[in-house]
> 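I am attaching a structure below and will ask some questions about it afterwards.
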Amino acid sequence: MAIVRDSLFTCRQILNNKASLVSKNRFLGVSVCVPKLVPVSVKVCSHVVQSALQVGLEEKKKVTSLGFDVVTERELKEKGFLGLRKTKLVCTIGPACSSLEDLERLALGGMNVARLNMCHNTREWHRDVIRNIKKLNEEKGFCICLMIDTEGSQMYLVDHGTGSSVKAEDGSVWLFTTEKFEGSRPFTVQAYYQGFSEGINVGDELVIDGGMASFEVIEKVGNDLRCKCTDPGLLLPRAKLSFWRNGKLVEKNFELPTLSTKDWADIDFGISEGVDFIAVSFVNDANDIKLLKNYLSTKSADYIKVLAKVESVESLKNLEEIVEASDGIMVARGDLGVQIPLEQIPTVQEVITRVCRQLNKPVIVASQLLESMVEYPTPTRAEVADVSEAVRQYADALMLSGESAIGSFGDKALSVLRMVSTRLELWSREENRQILLSQPQLGVSLPDRIAEQICNCSVEMANNLGVDAIFVYTRYGNMASLLSRNRPNPPIFAFTDRSCTRKTLTLQWGVNPFLVELSEDMEDNILKTFDLVKSRGMVKEGDVVLVVSDVIPTTGAHSVFQSIKVKVIV
Ligand SMILES: Nc1ncnc2c1ncn2[C@@H]1O[C@H](COP(=O)(O)OP(=O)(O)OP(=O)(O)O)[C@@H](O)[C@H]1O
Ligand SMILES: CC(=O)C(=O)O
Ligand SMILES: [K+]
Ligand SMILES: [Mg+2]
């Protein structure tokens, strides 16, 4: 890799003299050949790109078929490369935002992924949302991915049946029962799961929603629990419950599978509707994820990416193996805050986001980011600080829950996420904090290590040179995500010929995926895509682009395997 480093310096010298590049079309290159392995070439070169306008017009038909998100395109034209938002945005779709018009507003507001929580509503309802989103993607040029989120076995849910909040007064006595009845009864709360009170003793503490209200268990009546309110507060519909003994969570092994029969039916529904991500609730260990991934393979649906929701003490114990097994993680702070003390959430979030970046898996920070906006049109200062913190931690994506699903100000909440993340990203760049990021080695095989090193060096080079964008040519998205892992200053434009790669990359920090036709002639790919982006006014004269490729040719073993180039647009 010393060779790569040497070429970095050569490259810097070249760019110090941009003007001469335009006239001379110079080339500097170094090749590294690994005997009996794929030939590897690391070259740093400058090219004069021929005027693309004419070509662009001639290829009008192809140009319009360039799969690129209209929102990113608009943002790029308005704000330039460095103004592009890096942090991706997920919106939970609920009754407040499910019409075609609502969805289009969210799409225009920067929603990258639509999340459907299978806990709520009917499959028919979800199907309509999915079809509306696909319609918007096809007809209006958005690139919104679809995620279903499994219900799981709701062992911890209770409901008092009134549909609104009920106050629990200090000293009042309540019955937590598994009996099913319509409507509500005074001082009675229904538990969703029959075995909810197994292993619970008189004297244990019952906590609602991580501290909304607390009770002491004063009597066991069969499966039911009679409890006295010790810390008054509100009982909301579908409240989450946990039990504590001597200040510690009572961990219970219900021996229920992570994926219930209903979840499997929802997964089949997701496959048949062609969703892009399945988020698995209450993952315990890596096996939960492996099971689903195997199932998706047998259904020839392994293009669907599996996200593990970290929302239990059990999943924290097995964090690394879960991250390794999955295609991404959601820090599901709602349930997590029921299972661990609230003051631990910030550090746990920081650890999870760091592990994810190190293992190169995208991470979504979810729940209560802008909770007050479910009711109010502005966020609290503390919520803005929380969003900023997640962005500072380089989370790949931020998620809205009730803010978009049931709130009256979903669009505003989305714009708060957009503006706060853009602002903090700009500040980080100005401070050049990314330079401090160091990554442990991921790859084991030589080709993997080479790919990783190329990406690490490319990002260092891109930051140091102050290039405007990184272009990466990638079939499976590997190099694009290795670049993203380094959180570069310039945006990453990933050109892929696989539509599922484009969707997967949509969730990744700083990656703007294009769907294009790629040939094995890399030089041709580069020229063609440069022409395309130029003809759409997305790049302009003088822009400097660092080009990385990992499209592996099936023929011509002597051709370039992976390379870095720097190009100046003329
Ligand atoms: N499809 C839907 N239909 C009706 N209400 C919905 C729907 N999706 C979400 N909601 C409402 O929005 C609120 C927040 O949504 P969300 O799905 O994020 O809940 P959650 O409890 O955080 O998720 P989870 O159950 O996965 O822990 C829910 O309490 C629910 O009232
Ligand atoms: C999103 C979710 O499931 C949670 O926060 O619990
Ligand atoms: K869920
Ligand atoms: Mg949850």
Side-chain angles (χ1 to χ4, degrees), residues 87-98 102-103 105-106 109-121 125-126 129 133 144-152 154 156-157 159 165 208-212 234 236-240 266 277-282 307-312 328-339 342 345 349 352 363-380 382-384 386-387 389-391 395-418 420-421 507:
T87 313
K88 303 304 178 76
L89 306 176
V90 183
C91 299
T92 301
I93 309 303
C97 62
S98 58
D102 295 330
L103 293 169
R105 254 199 311 279
L106 291 177
M111 163 170 67
N112 302 105
V113 179
R115 165 182 177 251
L116 295 163
N117 189 349
M118 304 310 285
C119 289
H120 313 290
N121 240 312
W125 184 91
H126 290 291
V129 174
I133 287 174
I144 300 160
C145 299
L146 288 157
M147 176 200 299
I148 59 166
D149 187 323
T150 62
E151 175 161 6
Q154 298 287 352
Y156 308 101
L157 272 189
D159 204 312
S165 64
I208 297 291
D209 283 336
M212 282 288 260
L234 289 182
L236 300 177
R238 284 177 64 89
K240 291 163 180 169
D266 287 337
F277 297 97
I278 297 175
V280 183
S281 293
F282 290 103
L307 307 179
K309 292 173 69 185
V310 174
E311 50 184 344
S312 65
I329 292 289
M330 185 194 293
V331 189
R333 305 189 304 182
D335 281 291
L336 202 52
V338 173
Q339 297 219 358
L342 292 182
I345 299 269
Q349 175 183 316
I352 301 172
V363 59
I364 305 167
V365 173
S367 293
Q368 295 190 345
L369 283 162
L370 299 172
E371 185 72 11
S372 75
M373 292 193 78
V374 173
E375 277 185 69
Y376 299 100
T378 57
T380 67
E383 285 166 343
V384 170
D386 179 44
V387 172
E389 181 59 13
V391 176
D396 289 81
L398 307 175
M399 188 174 107
L400 294 178
S401 298
E403 300 94 329
S404 52
I406 48 171
S408 315
F409 309 102
D411 300 340
K412 277 198 171 168
L414 186 61
S415 86
V416 170
L417 289 190
R418 198 181 61 233
V420 173
S421 49
L507 187 61

> With salt bridge (charged side-chain N to carboxylate O under 4.0 Å, His left out) as the rule and sequence neighbours excluded, what pairs involving residues 396-409 come up?
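Sorted result for residues 396-409: D396-R487.
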
> Looking at every heavy atom in both A96 and G407, which two are closest together, and how far apart are they?
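For A96 and G407, the tightest heavy-atom pair comes out as CB-O, 3.3 Å.
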
> Measure across G402 and V374 and return the closest heavy-atom pair with its distance rounded to 0.1 Å.
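It is C-CG2, 3.7 Å.
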
> Considering only heavy atoms from C-beta outward, does the side chain of H126 approach that of I148 to under 4.5 Å?
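Side-chain contact under 4.5 Å: no.
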
> Do the side chains of E311 and Q339 get nearer than 4.5 Å, heavy atoms only?
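No; the side chains remain at least 4.5 Å from each other.
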
> Distance from L307 atom CG to I364 atom CD1, nearest 0.5 Å?
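That separation rounds to 5.0 Å.
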
> Hey, does C145 have a side-chain heavy atom less than 4.5 Å from the side chain of L507?
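Side chain of L507 against side chain of C145, heavy atoms only: no contact under 4.5 Å found.
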
> How long is the gap from CG on L400 to CD on E371, to the nearest 0.5 Å?
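The CD atom of E371 is 10.5 Å from CG of L400, to the nearest 0.5 Å.
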
> Less than 4.5 Å apart, side chain to side chain, heavy atoms only: is that true for K240 and L157?
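Yes, close enough: below the 4.5 Å cut-off.
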
> Is the side chain of T150 donor-acceptor paired with the backbone N or O of S281 at a distance under 3.5 Å, no angle test?
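Side chain of T150 to backbone of S281, a donor-acceptor pair under 3.5 Å: yes, one is there.
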
> Please round to the nearest 0.5 Å and tell me the distance separating atom CG of L103 and atom CD1 of I93.
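Result: 5.5 Å between the selected atoms.
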
> Take I144 and L106, measure what side-chain contact (heavy atoms from CB on, under 4.5 Å) needs, and give me the verdict at the end.
CA-CA 10 Å; I144 300 160; L106 291 177; over 6 Å; no

> Taking all non-hydrogen atoms of both residues, which atom of A413 and which atom of L370 are closest, and how far apart?
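Smallest interatomic distance, heavy atoms only, reads O-CD1, 3.4 Å.
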
> Under 4.5 Å between any side-chain heavy atoms of I406 and P95, yes or no?
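SC-SC contact between I406 and P95 confirmed.
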
> Could you measure the distance from the CE atom of M330 to the CD1 atom of I352? Nearest 0.5 Å is fine.
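Interatomic distance, M330 CE to I352 CD1, rounded to 0.5 Å: 12.0 Å.
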
> Using only atom types and a distance under 3.5 Å, with no angle test, would you say the side chain of S312 pairs donor to acceptor with the backbone of F282?
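It does not hold such a pair.
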
> Compare every heavy atom of S372 with every heavy atom of P379, then report the nearest pair and how far apart it is.
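Looks like CA-OG, 4.0 Å.
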
> Is any side-chain heavy atom of I345 closer than 4.5 Å to a side-chain heavy atom of L336?
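Side-chain contact under 4.5 Å: yes.
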
> Could you go through residues 109-121 and list every donor-acceptor pair under 3.5 Å that involves a side-chain atom there, pairing it with any protein atom two or more places apart or in another chain?
residue, atom, partner, partner atom, Å
N112, OD1, R85, NH1, 3.2
N112, OD1, L89, N, 2.8
R115, NE, D149, OD2, 2.8
R115, NH1, T92, OG1, 2.8
R115, NH2, D149, OD2, 2.9
N117, OD1, C119, N, 3.1

> Once rounded to the nearest 0.5 Å, what's the spacing between atom OG1 of T378 and atom CE of M373?
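Atom-to-atom, T378:OG1 and M373:CE are 6.5 Å apart.
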
> Holding to side-chain contact (heavy atoms from CB on, under 4.5 Å), I want the full list of residues that pass it with S408, two or more places apart in sequence or in another chain.
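Expected list: none.
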
> Determine whether L369 and R333 make a side-chain contact, defined as any pair of heavy atoms from C-beta on separated by less than 4.5 Å.
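In contact.
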
> Roughly how far, to the nearest 0.5 Å, is the CG atom of D411 from the CG atom of D102?
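Those atoms lie 7.5 Å apart.
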
